[in-house]
Enquirer: 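Before I ask anything, here is the structure I am working with.
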Amino acid sequence: MGPATWAPVAEHLTAAGHEVRVPSLLQVGIGEAPYWPRAVDAVRDDLESIPPDRAVVLVAHSNAGLFLPVIRAGLDRPVTASIFVDAALPARTGATAVASAQGLEFLRPLAVDGSLPQWTDWWDEGDVAPMFPDPVTRRTVVEEQPRLPLSYYEQAVPVPADWDDHPCAYLMFGAPYDVEAEQARERGWQVAHLAGAHLHQIVDPAGVARLLVELAGYRSGAW
């Protein structure tokens with residue numbers, strides 16, 4: 001998905017006095033594998049205007065959760081917290097496959113000349129429509145989507161050792177990410193639940209922004 005999916009949350013956080021960046025990962029799938037270094041570059045480049053001694057909180061949604069460890073390792077600045085939002089979790093050790101064998105079995109028949117349809121075209125209309133609050137938002141988000149190569153999902157993303165030696169948290173919207181939320185709880189992370197579909201951040205941006213602030217420790221001082 002593109003940055004439009006997080007623009008409303010960014011607006012709420014900015015209005016609350018937080019400095020926010022929403023790096024675009026739309027170009028990550030262009031070119032040859034490996035793709036994960038482009039995610040690191042995209043985030044690092046987007047933060048160039050921020051002083052290098054300024055600490056950041058990283059927030060990753062969905063599949064981007066797999067890139068969070070290498071993104072953190074690739075930044076030349078402190079990271080005070082990492083928050084996964086309805087996101088895939090990196091392996092505890094070793095590389096993480098972007099898609100499971102079952103996932104690739106689902107994806108391969110969808111590919112045409114090595115390229116997949118836009119993500120919202122993978123699913124039935126009954127699954128897609130409830131994720132959007134209105135037709136205008138849906139059109140904006142859908143038109144922004146890239147078409148990723150199948151090989152993007154055939155890659156493995158390295159997991160640097162001790163990447164999670166700082167506070168990590170998980171915000172779940174709903175199934176099937178209840179499995180990841182439980183795994184996060186088992187890792188000792190703080191876990192929160194805001195009931196909704198996978199793109200709930202565009203449905204309730206104020207609620208998502210509030211929980212991000214809490215999970216980052218700004219309110220409780222827990223970190």
Side-chain angles (χ1 to χ4, degrees), residues 1-31 34-96 157-172 180 184-185 187-192 194 201 205-223:
M1 309 299 286
T5 56
W6 280 93
V9 173
E11 291 174 2
H12 281 276
L13 290 171
T14 300
H18 301 282
E19 188 170 4
V20 183
R21 312 292 287 191
V22 185
S24 174
L25 303 183
L26 291 175
Q27 307 301 314
V28 168
I30 296 177
Y35 301 101
W36 64 263
R38 296 184 194 124
V40 178
D41 293 342
V43 176
R44 186 175 56 237
D45 293 348
D46 194 77
L47 292 173
E48 279 187 348
S49 62
I50 307 297
D53 59 345
R54 183 86 56 84
V56 298
V57 173
L58 297 176
V59 179
H61 175 242
S62 193
N63 180 259
L66 302 180
F67 300 107
L68 200 148
V70 288
I71 289 172
R72 193 221 172 183
L75 295 181
D76 55 354
R77 63 181 66 246
V79 175
T80 57
S82 292
I83 304 174
F84 294 74
V85 181
D86 233 34
L89 290 181
R92 289 179 180 268
T93 59
T96 305
V157 183
V159 179
D162 301 323
W163 74 269
D164 55 353
D165 60 355
H166 64 300
C168 297
Y170 198 97
L171 173 56
M172 177 189 73
E180 281 78 5
R185 191 173 286 109
R187 297 186 189 195
W189 300 359
Q190 187 175 355
V191 176
L194 184 62
Q201 72 271 22
V208 172
R210 173 181 56 80
L211 281 173
L212 290 180
V213 171
E214 293 181 5
L215 291 171
Y218 286 114
R219 174 172 296 184
S220 66
W223 305 126

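Counting from 1, the numbers follow the sequence of the chain as shown. Worth saying up front: this structure is predicted, and the values here are computed from it rather than measured.
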Enquirer: Provide the closest heavy-atom pair for Ala4 versus Pro8 in the form atom of the first, atom of the second, distance.
Expert: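 Between these two residues, the closest heavy atoms are O-CD, 3.5 Å.
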
Enquirer: Keeping to residues at least two apart or across chains, list the salt bridge (charged side-chain N to carboxylate O under 4.0 Å, His left out) pairs with something in residues 48-73.
Expert: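 Salt bridge (charged side-chain N to carboxylate O under 4.0 Å, His left out) check on residues 48-73 returns Glu19-Arg54, Arg72-Asp165.
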
Enquirer: Would you name the heavy atoms of Pro51 and Arg77 that are closest together and state the gap between them?
Expert: O-NH1, 2.8 Å

Enquirer: For residues 56-70, run the donor-acceptor check on the side chains, cut-off 3.5 Å, and write out each pair with its distance to 0.1 Å, sequence neighbours left out.
Expert:
{"residue": "His61", "atom": "NE2", "partner": "His198", "partner atom": "O", "Å": "2.9"}
{"residue": "Ser62", "atom": "OG", "partner": "His198", "partner atom": "NE2", "Å": "2.8"}
{"residue": "Asn63", "atom": "OD1", "partner": "Tyr152", "partner atom": "OH", "Å": "2.5"}

Enquirer: Provide the closest heavy-atom pair for Ala184 versus Val191 in the form atom of the first, atom of the second, distance.
Expert: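 For Ala184 versus Val191, the nearest heavy atoms are CB-CG2, 4.0 Å.
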
Enquirer: What I'd like to find out is whether the side chain of Phe84 reaches to under 4.5 Å of the side chain of Pro90, using heavy atoms alone.
Expert: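 Yes. Closest side-chain heavy atoms under 4.5 Å.
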
Enquirer: Rounded to the nearest 0.5 Å, how far does CD1 of Ile83 lie from CH2 of Trp189?
Expert: 11.0 Å

Enquirer: Taking the side chain as C-beta and beyond, is there a heavy-atom pair between Gln190 and Glu214 under 4.5 Å?
Expert: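 Gln190 does not reach Glu214 side chain to side chain.
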
Enquirer: His18 side chain to Ala15 main-chain N or O, any donor-acceptor pair under 3.5 Å?
Expert: no

Enquirer: Flag the pair Leu26 / Pro3 as yes when at least one side-chain heavy-atom distance between them is below 4.5 Å, and no otherwise.
Expert: yes

Enquirer: Return yes if some donor-acceptor pair links the side-chain N/O of Arg38 with the main-chain N/O of Gln27 below 3.5 Å, else return no.
Expert: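 No, because the side chain of Arg38 does not come within donor-acceptor range (under 3.5 Å) of the backbone of Gln27.
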
Enquirer: Are any side-chain N or O atoms of Thr96 and backbone N or O atoms of Ala91, one a donor and one an acceptor, separated by less than 3.5 Å?
Expert: yes

Enquirer: Taking all heavy atoms of Cys168 and all of Asp164, pick out the closest pair and write down the distance.
Expert: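 Smallest interatomic distance, heavy atoms only, reads SG-CB, 3.9 Å.
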
Enquirer: Locate the shortest heavy-atom distance separating Leu194 from Gly207; write the atom from each residue and the value.
Expert: CD2-C, 3.9 Å

Enquirer: With a 4.5 Å heavy-atom cut-off, do Trp6 and Val208 have their side chains touching?
Expert: yes

Enquirer: With side chains defined as the heavy atoms from C-beta onward, is the minimum distance between Ser82 and His166 less than 4.5 Å?
Expert: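 They are in side-chain contact.
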
Enquirer: Side chain of Arg21, backbone of Ile50: donor and acceptor closer than 3.5 Å?
Expert: no

Enquirer: Tell me the closest heavy-atom pair linking Tyr170 and Ala87, and the distance in Å.
Expert: OH-O, 2.7 Å

Enquirer: Quick one: pull up CZ in Arg44 and CD1 in Ile71 and give me the separation to the nearest 0.5 Å.
Expert: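 So the gap between those two atoms works out to 10.5 Å.
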
Enquirer: Report the distance from atom NE2 of His12 to atom CD of Gln201, rounding to the nearest 0.5 Å.
Expert: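 Rounded to the nearest 0.5 Å, the NE2-CD separation comes out at 12.0 Å.
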
